[in-house]
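Comments concern the structure below.
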Amino acid sequence: MAAGTKDDPWVLTTAPGSSQYTMYLDGEAEPPALVCQVGSTTLKYQLRAIEDLAEWLKAQGGWVPLGVADENKPAPDGSVEAWGRSPENPVAGWYGLRKGYRGRFGMYLPPLLEELGLVELTHEKRNNQVRAL
């Protein structure tokens with residue numbers, strides 16, 4: 001497994017298997033961040049999203065839809081995407097750090113949690129779901 005650093009990032013694939021991207025930890029950022037590189041686009045999420053999402057998924061007790069959506073579009077209720085921007089989550093809002101690129105939480109975080117052995121993820125063409133292990 002990769003180290004999750006800038007020099008040795010995780011190489012991940014979206015749940016449907018349609019796109020590959022990389023993620024790495026940036027502990028020196030303020031706040032500490034997960035950097036997600038998708039082609040020429042860089043997205044950043046709060047590093048604590050790994051533990052917070054894993055805990056939330058455990059509390060759900062079953063399969064949760066990913067609910068992928070861009071920042072300017074509504075996320076389906078009860079989805080990972082909706083939780084990643086909800087005022088009810090531990091950061092009281094967006095885990096995404098880069099305005100205009102804060103969405104897609106439900107697309108890019110679950111495959112990382114799967115790589116880390118924290119969740120099980122479906123790999124269908126559409127409507128993928130995730131659950132805690």
Assess whether side-chain contact (heavy atoms from CB on, under 4.5 Å) is satisfied between Q60 and R131, documenting all intermediate values. CA-CA 8 Å; Q60 301 316 295; R131 68 176 172 186; over 6 Å; no
Charged N to carboxylate O below 4.0 Å: is that the case for K6 and D26?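 No.
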Determine, for E55 against K58, whether the closest basic-nitrogen to carboxylate-oxygen distance falls under 4.0 angstrom.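 Counted as a salt bridge, because a side-chain N and a carboxylate O are separated by less than 4.0 Å.
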Point-to-point distance, once rounded to the nearest 0.5 Å, from [atom1] of [X] to [atom2] of [Y]:
X    : Y    : atom1 : atom2 : result
L121 : E114 : CG    : CD    : 4.5 Å
T22  : W10  : OG1   : CH2   : 11.0 Å
R104 : C36  : CZ    : SG    : 10.5 Å
Q20  : L12  : CD    : CG    : 8.5 Å
L34  : M23  : CG    : CE    : 4.5 Å
E88  : W56  : CD    : CH2   : 12.0 Å

When you measure from the side chain of [X] to the backbone N and O of [Y], does any donor-acceptor pair fall under 3.5 Å?
X    : Y    : result
Y45  : L97  : no
H123 : A15  : yes
N89  : V91  : yes
N128 : E124 : yes

Are [Y] and [X] connected into the same hydrophobic cluster when the rule is that any two of I, L, V, M, F, W, Y join if their side-chain heavy atoms are below 4.5 Å apart?
X   : Y    : value
L53 : V119 : yes
M1  : V35  : no
V11 : L25  : no
V80 : L113 : yes

Counting neighbours of [atom1] on [X] that are heavy atoms of other residues, nucleotides or ligands and sit closer than 6.0 Å, is the number greater than 12?
X    : atom1 : answer
E51  : CD    : no
N127 : CG    : no
D77  : CG    : no

I need the minimum non-hydrogen distance between [X] and [Y], along with the two atoms involved.
X    : Y    : value
Y24  : P9   : CB-CB, 4.1 Å
D52  : P90  : OD2-CB, 3.6 Å
A132 : L57  : CB-C, 3.8 Å
T14  : Y108 : CG2-CE2, 4.1 Å
A69  : A75  : CB-CA, 4.3 Å
V68  : E81  : CA-OE1, 3.9 Å

Is the closest side-chain donor-acceptor distance between T122 and Q129 under 3.5 Å?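 Short answer, no.
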If you apply the rule side-chain hydrogen bond (donor to acceptor under 3.5 Å, both in side chains), what do you find for T42 with Q37, and how did you get there? CA-CA 5 Å; T42 302; Q37 191 68 44; 2.7 Å; yes
Would you mind reporting whether P110 and L66 have side-chain heavy atoms less than 4.5 Å apart?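 With C-beta onward as the side chain, the pair touches.
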Looking at residues at least two apart in the chain, or sitting in another chain, which of them share a side-chain contact (heavy atoms from CB on, under 4.5 Å) with R102?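 Here the qualifying residues are E71, W94, K99.
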When you look at L133 and L118, which way does the side-chain contact (heavy atoms from CB on, under 4.5 Å) test go after all the steps? CA-CA 6 Å; L133 291 176; L118 300 171; over 6 Å; no
Go through the steps to decide whether Y101 and K44 satisfy the test side-chain contact (heavy atoms from CB on, under 4.5 Å), and finish with yes or no. CA-CA 8 Å; Y101 296 90; K44 294 182 179 182; over 6 Å; no
For Y95, enumerate each residue passing the ring-ring contact (aromatic ring centres under 6.0 Å, His included) test, keeping only those at least two apart in sequence or located in another chain.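 For Y95 the ring-ring contact (aromatic ring centres under 6.0 Å, His included) partners, ignoring immediate neighbours, are W83, F105.
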